[in-house]
Peer 1: 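Could you have a look at this structure, given as structure tokens, before my questions?
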Amino acid sequence: MLILALESSCDETAAALVENGRKVISDAVFSQIKIHKNFGGVVPEVAARHHLESISFVIEEVFKKTDIKKTQIDAFAATAGPGLTGCLLVGLNAAKTLSLVYNKPFLPVNHLSAHVCANFIDSQLKPPFICLLVSGGHSQIIFVEDYNKQTILASTIDDAVGEVYDKVARLCSIPYPGGVLLDKLAQKGNKHAFCFPEAKVGDNEFSFSGLKTAVLREIKKFESDKIPKEDIAASFQYRICDTLIKKTLFHAKKLNCKTIVLAGGVAANSELRKRLKELEEQGFKVSAPKLAYCTDNASMVASCAYYNPIQSEDSLLFEVFSRH
Ligand code: KG4
Ligand code: ZN
């Protein structure tokens, strides 16, 4: 089954052609990061306008890289939510239009479920597994019992992990989106230089706002040009990864689930990937998407459209939604 999928939930306009949910035939991503950098974050109206300008371009890019014609596509898919409403509308309406023109089904997709499915691309992974999903907007531990049966075991009660990364990066004068640069800085620092606290919350919760405040308090002790950014980044990264891995491990052991996977933009984090890999020594099978499929992309949307599309009576009437 050949699916053409579109992604436009935040600041990446993307299209991908994927076979049977696992084999990427071709894909294209237009990142708006450079545009939003000037504002220190994503401006929804600006993002929506750029999606509108780029969506046809990314679709044509995908077809330029292959001999496959639009008439050969079996279904058209798009992210329906959660995300920025104006942005989601662009991808959703483009995919609905293609589905009407070529008389093939339209499959709406949940963005978070798509991040989970990034793990199926170029891999043999099968449920059941525990997924640690960490992105700019969400932090969850999910039990993926089957392709279309997912239970949320834990989620954040305040900031998402990527959001905290971006905020702490900002405190260190690192431009948006700071996560990836903070990760690079952390690799040069001493993770034991500062002892940042771990939030005392329930087994089903994450909380990161206290950690963010603790970092801010430490930073304020230094003159702006003397902030030990590398040590701050390393100590922050150590604490956040420790918390994430510990809680994921707790739930995996509780459910006696031997496979753990990572997903979401923060799944690109070097320390998190390393710490996850170390769990293999304890007998766990671990998996993480290739770096290109961690941050927003359309291949994961196509995979999700194949394995776990949103069920609706008439998908052409299905609307975008901003919140989970
Ligand atoms: O999944 P994603 O592309 O967008 C959402 O769905 O939210 O995730 C983007 C987030 C940003 O907050 C970005 O700073 C973070 O992922 N991120 C990272 C790394 N690469 C991206 N955070 C920590 N370490 C990284 N290497
Ligand atoms: Zn995302």
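In each ligand, atom 1 is the first atom listed, and ligand 1 is the first ligand listed.
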Peer 1: H115 heavy atoms, cut-off 4.0 Å: which ligand 1 atoms fall inside?
Peer 2: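 The list of qualifying atoms is 1 (O), 6 (O).
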Peer 1: May I ask you to identify the nearest protein heavy atom to atom 26 (N) of ligand 1, giving residue, atom name and distance to one decimal place in Å?
Peer 2: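 Minimum-distance protein heavy atom for atom 26 (N) of ligand 1 reads D183 OD2, 3.0 Å.
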Peer 1: I'd like to check which ligand 1 atoms, numbered from 1 as shown, lie under 4.0 Å from a non-hydrogen atom of G137.
Peer 2: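 Atoms satisfying the 4.0 Å criterion: 7 (O).
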Peer 1: I need the nearest protein heavy-atom contact for atom 14 (O) of ligand 1: residue, atom name and distance, please.
Peer 2: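 The answer is D166 OD1, 2.6 Å.
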Peer 1: What protein heavy atom sits nearest atom 10 (C) of ligand 1, and how far off is it?
Peer 2: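 The protein heavy atom lying closest is G136 N, 3.6 Å.
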Peer 1: Who's closest to atom 21 (C) of ligand 1 heavy-atom-wise, of G265, C294, G179?
Peer 2: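 Result: the heavy atom closest to atom 21 (C) of ligand 1 is in G265.
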Peer 1: Suppose I only count heavy atoms of G162 and a 4.0 Å limit; which atoms of ligand 1 are within that range?
Peer 2: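 Near G162, the atoms of ligand 1 are 12 (O).
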Peer 1: What protein heavy atom is closest to atom 23 (C) of ligand 1, reported as residue, atom name and distance in Å?
Peer 2: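 Result for atom 23 (C) of ligand 1: N269 ND2, 3.5 Å.
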Peer 1: Give the atom numbers and elements of ligand 1 that come within less than 4.0 Å of a heavy atom of S135.
Peer 2: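 Checking each atom against S135, I get 1 (O), 5 (C), 6 (O), 7 (O).
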Peer 1: I'd like to check which ligand 1 atoms, numbered from 1 as shown, lie under 4.0 Å from a non-hydrogen atom of H111.
Peer 2: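 So the atoms of ligand 1 that pass are 6 (O).
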Peer 1: Given that the side chain starts at C-beta and the backbone is N, CA, C, O, which of these parts of H138 lies under 4.0 Å from ligand 1, counting heavy atoms, or is it both or neither?
Peer 2: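 Neither; no heavy atom under 4.0 Å.
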Peer 1: Measure the distance from atom 3 (O) of ligand 1 to every protein heavy atom, then report the residue, atom name and distance (to 0.1 Å) of the closest one.
Peer 2: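 Going by distance alone, atom 3 (O) of ligand 1 is nearest to D296 N, 3.1 Å.
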Peer 1: Using a cut-off of 2.8 Å, count how many protein N, O or S atoms are strictly closer to the Zn ion (ligand 2).
Peer 2: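 My tally for this metal is 3.
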Peer 1: Could you check atom 15 (C) of ligand 1 against the protein and tell me its nearest heavy-atom contact, residue, atom and distance included?
Peer 2: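 Protein heavy atom with the smallest distance to atom 15 (C) of ligand 1: V266 CG2, 4.0 Å.
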Peer 1: Considering distance alone, does some N or O of G178 sit under 3.5 Å from an N or O of ligand 1?
Peer 2: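 Among all N and O atoms of G178, none is under 3.5 Å from an N or O of ligand 1.
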Peer 1: Verify the distance criterion only: is there a donor paired with an acceptor across the side chains of Y165 and Q237 at less than 3.5 Å?
Peer 2: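 Yes, Q237 and Y165 have a side-chain donor paired with an acceptor closer than 3.5 Å.
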